[in-house]
Amino acid sequence: MLWLNQFYILAQTFLILLYIPRFLMIFNIHVTGVVQGVGFRPFIYRLAKSHNLKGSVVNLGDAGVKITVQGDMDQVYRFIEDIRNKAPPLAQIDEIKVEEEKEGESKELTIDFFIMQSKHERESQGSTIPPDIGICDDCMKELFDPNDRRYLYFFITCTNCGPRFTIINSLPYDRERTSMASFKMCEECNREYTDPGNRRFHAQTIACHSCGPPASLLDKKGVELSSSSIDAVEKASKLLAEGAIIAVKGNGGFHLACSAEEDDVVSKLRRLLGREQQPFAIMARDLETTKKFAYISEEESRLLTSSVKPIMVLRKKEGYDRLISPLVSPGLHTIGVMLPYTGLHALLFHENSINAFIMTSANKPGYPMVVDSQEALQKLKDVVDYFLMHNRKIVQRCDDSVVSVIGDKKTFLRRSRGYVPLPITIRKESNQTILATGPDTDVTFCILTKNQAFLSQHIGDASHHETMEFFKNAFQHFQNLLDVNPSLIACDLHPRFATTLLAEQLSQEKNIPLVHVQ
Ligand SMILES: [Zn+2]
Ligand SMILES: [Zn+2]
């Protein structure tokens, strides 16, 4: 009898609980880190839906994301746990701040969860946009799938891959503030962009054959030789096998490409560039091909195939000369190798059986890489046979990164594409925002704010006027993205370095103290 009574009371309590309306509160959640341009909003959208939460998510002008949700404490706690644990692979969450809306501000959220139009307001510091991301496996599969509508489309990307740093004009990250703005989405792309179940839901770089930037092949006089994007890339791929030197416009600048197998074309490129000994970097067909001519450790293999896809300095294997021309890196036991990191690169291997191309930045040593199509036609016409172009503007120039594994440690020889503008976190927090202008050759500048050091992309040799113009442009861009103003400048002690002169000029103009260091 006692047992029955207890059961009756329990059942009643349960029924009462069911009928009491649950106490719902509204929470504002600020997420900082790398959370724009990495598929974060679509992720939050799907996550909120799976937690039955109403509310919204919005990109802010400070590169952070703000989420508003309505739910009970427990529900929201579990939601936040999932944000931490299930975030997209390229997102980096530094901090999640949660604030409950005060009484009076709270209102019942009636509509479902949605992605709100981005806001320009800046509410916190410390977030940054992502670097350019190498082509992902899903996009690579679609690129070579004859049944896919992006079959052989050279600018194939998704929320997990594609250019970011090199196309963003300003924040918050949305197509209209990137160099994709001039390419209006077609109906089919728009359908994918607005479909929460699609892997290109809210992918800002979404494009296809009918609406994205087209590729074209031009001869050295600038006369177009191709009838379509597919035709342009196919022809370029065949011409490379015939020994042509081609200027290829990529995401962050122009490369000079030619077969790395034939002595004739390699020595011709050396002669035309006036580079007698300096080693060239190569782009190998794939990891398996690389293993045929270079030793590669587990760590080197991991880095080479990572989403960064940097140039890895690898040791040549015996028999290397049978696959790669000895003129590529003469006198050295190492070779700089990278793998295709865009659809365009992968397609260049499609119509030939070449093991590797020379893929070197199109510039005189120490000068900035050529980024403008007209400038390329002018400056490179005496070096190349053809130009493989597209008509998307390169907002920020960015050279390839060069990485070496020493012992078992990743060591940067050049920290640029794929890493910049991600900050390096240091132990001690600075109470000043410091600009360090760098040395004279192989310059990068650094902006230190709090405990984050933002290093610029590779700038080049500061003794050239063009390089310093690039320096100023890149500095302005970083300042805008980070929303910081230096309160202190540091420069080299050498009085004649162009970086010292610029630091002195900035110090006077902005009335900021200057510190010379060595
Ligand atoms: Zn992708
Ligand atoms: Zn389209």
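Note that ligands are numbered from 1 as they come in the structure, with each ligand's atoms numbered from 1 the same way.
- Note on E142 versus R199: salt bridge recorded, some NZ/NE/NH1/NH2 to OD/OE distance being below 4.0 Å.
- The SG atom of C208 and the SG atom of C211 subtend an angle of 120° at the Zn ion (ligand 2), given to the nearest 10 degrees.
- Look at E299 and K410 and you find no salt bridge, because none of the NZ, NE, NH1 or NH2 atoms lies under 4.0 Å from a carboxylate O.
- Using a 4.0 Å cut-off between charged side-chain N and carboxylate O, R122 and D483 make a salt bridge.
- Checking side-chain atoms of D174 against main-chain N and O of R177 turns up no donor-acceptor pair under 3.5 Å.
- Within the 2.8 Å limit, C189 places at least one N, O or S atom next to the Zn ion (ligand 2).
- Angle SG (C136) to the Zn ion (ligand 1) to SG (C161): 120°, rounded to 10°.
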